[in-house]
Amino acid sequence: MKAFNTVFGHMLAQGNPLDVLIAGDDAEAKATVSAFIKSLGLRPMDTGPLGMARWLEGTGLVMIGLGRYGAESFNFTLGVSTSA
């Protein structure tokens with residue numbers, strides 16, 4: 001089970017609704033973690049099986065690069081936008 005590594009702690013502490021990317025192989029564990037994430041007022045976004053965890057790690061590194069160079073601040077989050 002992988003979750004929360006694509007959310008900066010200080011952004012999480014602000015209490016705003018955020019998307020939390022998760023990955024895992026165990027459906028019951030995903031359901032439990034998703035329920036916990038929802039209880040915090042956040043939105044769990046399932047990225048698939050545990051093999052996706054390596055890509056979540058890479059996403060975290062991209063976020064660090066954005067914070068240092070692109071956004072020039074770590075005051076941002078990643079989110080998923082959907083349309084009908």
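Hydrogens, waters and symmetry mates play no part in the numbers below; they use all other heavy atoms, side chains included.
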Salt bridge (Lys or Arg N to Asp or Glu O under 4.0 Å) partners of R68, counting only residues at least two apart
none
Set of residues satisfying side chain to side chain contact (heavy atoms under 4.5 Å, CB included) with respect to A71, sequence neighbours excluded:
F76
Which residues end up grouped with L56 if you chain together Ile, Leu, Val, Met, Phe, Trp and Tyr wherever their side-chain heavy atoms are less than 4.5 Å apart?
L21, M45, V80
Rounded to the nearest 0.5 angstrom, the OG1-CG distance for T77 and L12 is 10.5 Å
Just jot down the side chain to side chain contact (heavy atoms under 4.5 Å, CB included) partners of V20, sequence neighbours excluded, or say none.
A3, F4, V7, I22, I37, L42
Kindly state each residue pair satisfying salt bridge (charged side-chain N to carboxylate O under 4.0 Å, His left out) with at least one member in residues 52-61, sequence neighbours excluded.
K2-E57
Please name all residues satisfying salt bridge (Lys or Arg N to Asp or Glu O under 4.0 Å) with D25, sequence neighbours left out, ordered by chain then number.
none
Minimal heavy-atom distance between A23 and K30, with the atoms involved, is C-CE, 4.1 Å
Which pairs with one or both residues in residues 31-73 pass ring-ring contact (aromatic ring centres under 6.0 Å, His included), sequence neighbours excluded?
none
Which residues pass the ring pair (Phe, Tyr, Trp, His ring centres under 6.0 Å) test with F74, not counting sequence neighbours?
F8
With sequence neighbours excluded, tell me which residues meet side-chain hydrogen bond (donor to acceptor under 3.5 Å, both in side chains) with N75.
H10, S73
side-chain hydrogen bond (donor to acceptor under 3.5 Å, both in side chains) with R43: which residues, sequence neighbours excluded?
D19
Taking the side chain as every heavy atom from C-beta outward, state whether D26 and M1 have any pair of such atoms under 4.5 Å apart.
no
Holding to side chain to side chain contact (heavy atoms under 4.5 Å, CB included), I want the full list of residues that pass it with E72, two or more places apart in sequence or in another chain.
none
